[in-house]
Visitor: 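I'd like to ask some things about the structure below.
These numbers were taken from a predicted model, which means no experiment stands behind them. Read the numbers this way: they start at 1 and go in the same order the structure lists the ligands and their atoms.
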Amino acid sequence: MRQVACVAQIRAAEEAFFQANPDVDLMQRAAAQVAEMADSMIVPGGTVLVAAGPGNNGGDGLYAASRLAKLGFQVYVWLPLNKTHEAGLSAALQAGSTLVDSFDELDVDLVIDAVFGIGGRPGIPANMVGLADFVEYTGAPVLAVDIPSGLDADSHRVSAPCLPADVTVTFGAFKFCQVAYPAKAKCGEVRLPDIGLKVPETAIGQLDELDVGGLWPVPDHTSDKYSRGVLGIDTGSQKYFGAALLNLSGALHAGAGMVRYAGPVPKETVVSKFSSVTIGVGKVKAWLVGSGWGGPDKQRLEKRVSDDVPMVIDAEAIDSLEGLKLPENSLLTPHAGELARLLRVERFEVEDDPIGSVKNAANKVGATVLLKGATQFVSDGENVIIATEGSAWSAQAGSGDVLAGICGTLLAAMGGEYPAILIGALGASIQAMGGRANPGPHTPEEAAKAMAELIGRLV
Ligand SMILES: NC(=O)C1=CN([C@@H]2O[C@H](COP(=O)(O)OP(=O)(O)OC[C@H]3O[C@@H](n4cnc5c(N)ncnc54)[C@H](O)[C@@H]3O)[C@@H](O)[C@H]2O)[C@@H](O)CC1
Ligand SMILES: [K+]
């Protein structure tokens with residue numbers, strides 16, 4: 001799992017590092033990693049413009065400039081704030097870098113953004129907006145040191161102009177701005193080389209593809225349909241058939257041992273689409289409810305709650321929770337609007353603070369909450385796991401129903417052993433990875449099939 005840390009946690013880790021290693025120059029280690037990445041991005045002897053700020057982020061960039069000049073690159077240093085990290089500047093100039101007042105006439109192969117790092121306030125000075133324009137005009141790639149200047153490391157918001165990067169080399173742990181949209185889109189590919197800075201475990205993590213492959217439940221010779229997990233699905237309505245069929249598609253393509261469908265969609269419709277589905281109630285390891293109900297329905301929800309097995313609670317069932325105690329290890333799968341209704345706040349408030357919102361909702365209902373969207377957050381009220389990044393192609397009607405089905409299968413297979421926070425993150429991540437492995441305008445059913453193929457290759 002990728003660690004995601006806030007600025008205060010990085011600062012505390014740095015402090016602890018310096019106490020324990022008074023003789024280690026961490027900035028040199030950071031600079032070496034930046035220079036190595038720059039070296040890999042351009043041809044030998046190419047031209048690099050290092051924009052360096054007044055603090056330690058500037059120091060990283062200037063020592064990287066020094067290393068690159070020694071390696072034979074043509075290095076120009078520009079100081080947008082006319083203030084600098086003096087020792088770093090001396091080193092850069094001594095190694096053969098050239099200090100410039102402007103960059104307009106330069107033919108640049110790479111821009112290194114070392115203006116602001118975790119000490120940055122949102123926004124960039126006007127002359128840096130000029131650099132952003134220059135980069136856009138010339139197409140020169142940008143390598144950001146730690147974070148793209150202008151972003152707030154602790155926020156997913158982009159509230160002011162910044163300098164978007166193609167690659168970001170960060171230190172210690174991933175920052176929130178690097179894992180959640182829209183800020184994430186400004187970071188490009190994010191690398192976390194090891195400079196020896198150890199950040200103690202934080203309450204926010206992100207699943208990566210290796211985690212997903214390692215966690216995914218794989219059948220073996222002892223498996224049968226019951227041991228792999230029986231999922232009950234009570235979704236859909238006379239008016240909304242499609243949601244239930246999409247749930248079934250997600251559940252079956254995620255590898256359900258057996259699915260029982262107990263909703264109002266006619267048997268013929270279900271079986272003609274998915275012939276392995278058993279119609280009617282029976283013993284199940286998990287329930288999936290809510291998708292396509294067409295409105296809240298407390299009685300329908302209570303009936304499934306009374307089985308006391310973990311539940312995936314989607315769509316309109318989320319509006320029916322008042323006063324109910326949900327079975328242990330249950331998972332809600334709202335989008336921002338549904339979560340806002342649950343919390344009795346406006347949608348923009350959820351979008352503004354997704355982490356706070358999923359945590360609050362989880363504590364309010366006493367279940368795990370998966371907030372769907374471009375970045376997907378899962379919380380048990382204390383910890384937060386961010387799902388692996390997906391493809392924007394899957395932002396379409398039906399994706400959420402497929403996801404609920406995937407989560408249902410996983411809850412039936414693993415709910416007795418693993419917490420719903422991990423199960424929700426796993427479900428959202430596998431769907432996301434399937435989308436990325438098979439980009440394009442596929443229907444949710446086609447995407448579910450492609451996901452099944454990916455699972456086969458992954459495990
Ligand atoms: N502490 C350390 O030893 C290490 C720090 N590292 C680097 O140090 C960085 C943090 O350094 P600092 O704490 O010095 O902070 P920064 O270098 O990120 O920036 C702080 C300076 O920029 C100014 N500033 C910030 N935002 C501004 C804005 N929007 N407009 C105008 N001026 C602005 C501040 O007034 C301050 O002078 C990290 O991001 C990382 O790059 C790395 O070298 C690893 C080791
Ligand atoms: K930077």
Side-chain angles (χ1 to χ4, degrees), residues 5-38 49-67 77-89 91 110-129 131-132 135 141-155 158-178 183 186-188 190-199:
C6 66
V7 170
Q9 288 164 327
I10 299 281
R11 299 261 192 227
E14 277 174 357
E15 204 45 54
F17 182 92
F18 292 135
Q19 295 270 334
N21 309 278
D23 301 330
V24 177
D25 188 343
L26 209 50
M27 188 176 279
Q28 286 301 340
R29 291 189 181 177
Q33 293 295 338
V34 172
E36 195 175 303
M37 177 55 68
L49 173 66
V50 179
N56 289 333
N57 195 253
D60 291 350
L62 290 164
Y63 284 117
S66 159
R67 287 168 184 266
V77 170
W78 177 60
L79 308 173
L81 278 90
N82 284 323
K83 280 188 285 178
T84 190
H85 187 284
E86 294 294 347
L89 181 62
L110 178 72
V111 172
I112 295 183
D113 164 17
V115 182
F116 308 128
I118 56 172
R121 298 183 295 276
I124 47 177
N127 56 354
M128 270 195 79
V129 176
L131 178 60
V135 162
V142 177
L143 167 57
V145 179
D146 212 4
I147 63 169
S149 298
L151 290 183
D152 172 354
D154 286 346
S155 173
V158 183
S159 57
C162 67
L163 182 62
D166 296 279
V167 176
T168 297
V169 174
T170 199
F171 313 114
F174 291 90
K175 319 295 183 293
F176 193 62
C177 68
Q178 295 160 348
K186 307 291 182 188
C187 300
V190 184
R191 298 285 184 92
L192 178 69
D194 185 5
I195 61 167
L197 186 62
K198 296 273 173 286
V199 179

Visitor: Write none if no such pair exists; otherwise list each N/O atom of ligand 1 with its protein N/O partner under 3.5 Å and the distance.
Guide:
residue: ligand 1; atom: 1 (N); partner: E14; partner atom: OE1; Å: 3.0
residue: ligand 1; atom: 13 (O); partner: R11; partner atom: NH1; Å: 3.0
residue: ligand 1; atom: 13 (O); partner: R11; partner atom: NH2; Å: 3.0
residue: ligand 1; atom: 14 (O); partner: N56; partner atom: N; Å: 2.8
residue: ligand 1; atom: 17 (O); partner: N56; partner atom: N; Å: 3.2
residue: ligand 1; atom: 17 (O); partner: N57; partner atom: N; Å: 3.0
residue: ligand 1; atom: 18 (O); partner: G117; partner atom: N; Å: 2.6
residue: ligand 1; atom: 18 (O); partner: G119; partner atom: N; Å: 3.0
residue: ligand 1; atom: 26 (N); partner: R121; partner atom: N; Å: 2.8
residue: ligand 1; atom: 29 (N); partner: R121; partner atom: O; Å: 3.1
residue: ligand 1; atom: 29 (N); partner: G123; partner atom: O; Å: 3.1
residue: ligand 1; atom: 39 (O); partner: I118; partner atom: N; Å: 2.9
residue: ligand 1; atom: 39 (O); partner: D146; partner atom: OD2; Å: 2.6
residue: ligand 1; atom: 41 (O); partner: N57; partner atom: ND2; Å: 2.9
residue: ligand 1; atom: 41 (O); partner: D60; partner atom: OD2; Å: 2.6
residue: ligand 1; atom: 43 (O); partner: D60; partner atom: OD1; Å: 2.4
residue: ligand 1; atom: 43 (O); partner: D60; partner atom: OD2; Å: 3.1

Visitor: Return yes if some donor-acceptor pair links the side-chain N/O of D154 with the main-chain N/O of V7 below 3.5 Å, else return no.
Guide: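 Present.
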Visitor: side-chain contact (heavy atoms from CB on, under 4.5 Å) for Q33 and R191? Distances and angles first, verdict last.
Guide: CA-CA 10 Å; Q33 293 295 338; R191 298 285 184 92; over 6 Å; no
Visitor: Does any N, O or S atom in F116 come within less than 3.4 Å of the K ion (ligand 2)?
Guide: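 It does: F116 brings an N, O or S atom closer than 3.4 Å to the K ion (ligand 2).
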Visitor: Applying salt bridge (Lys or Arg N to Asp or Glu O under 4.0 Å) as the test, list every pair that has at least one member in residues 166-177; sequence neighbours left out.
Guide: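 Applying salt bridge (Lys or Arg N to Asp or Glu O under 4.0 Å) to every pair that reaches into residues 166-177, excluding sequence neighbours, yields D146-K175.
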Visitor: Any side-chain heavy atom of M128 sitting closer than 4.5 Å to one from W78?
Guide: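 Yes, close enough: below the 4.5 Å cut-off.
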Visitor: Run the side-chain contact (heavy atoms from CB on, under 4.5 Å) test on L163 and V115 for me, step by step, so that the C-alpha distance in whole Å, both residues' side-chain angles and the decisive distance to 0.1 Å come before the verdict.
Guide: CA-CA 10 Å; L163 182 62; V115 182; 6.0 Å; no
Visitor: Without swapping roles, check the side chain of N21 against the backbone of D23 for a donor-acceptor pair under 3.5 Å.
Guide: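 Pair absent, no side-chain N/O of N21 close to backbone of D23.
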Visitor: Hey, is there an N, O or S on V145 sitting under 3.4 Å from the K ion (ligand 2)?
Guide: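 Short answer: yes, at least one N, O or S atom is under the cut-off.
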Visitor: N/O/S of I147 less than 3.4 Å from the K ion (ligand 2)?
Guide: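 Yes, I147 qualifies, because one of its backbone or side-chain N, O or S atoms lies under 3.4 Å.
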Visitor: Of the options T170, V169, V167, which is the one that meets V190 in a side-chain contact (heavy atoms from CB on, under 4.5 Å)?
Guide: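 Only one option passes, and that is T170.
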Visitor: Compare every heavy atom of V34 with every heavy atom of A64, then report the nearest pair and how far apart it is.
Guide: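 Nearest pair, atom of A64 first, then V34: CB-CG1, 3.8 Å.
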Visitor: Do any N/O/S atoms of D113 come under 3.4 Å of the K ion (ligand 2)?
Guide: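 Yes - counting backbone and side chain alike, D113 has an N, O or S atom under 3.4 Å.
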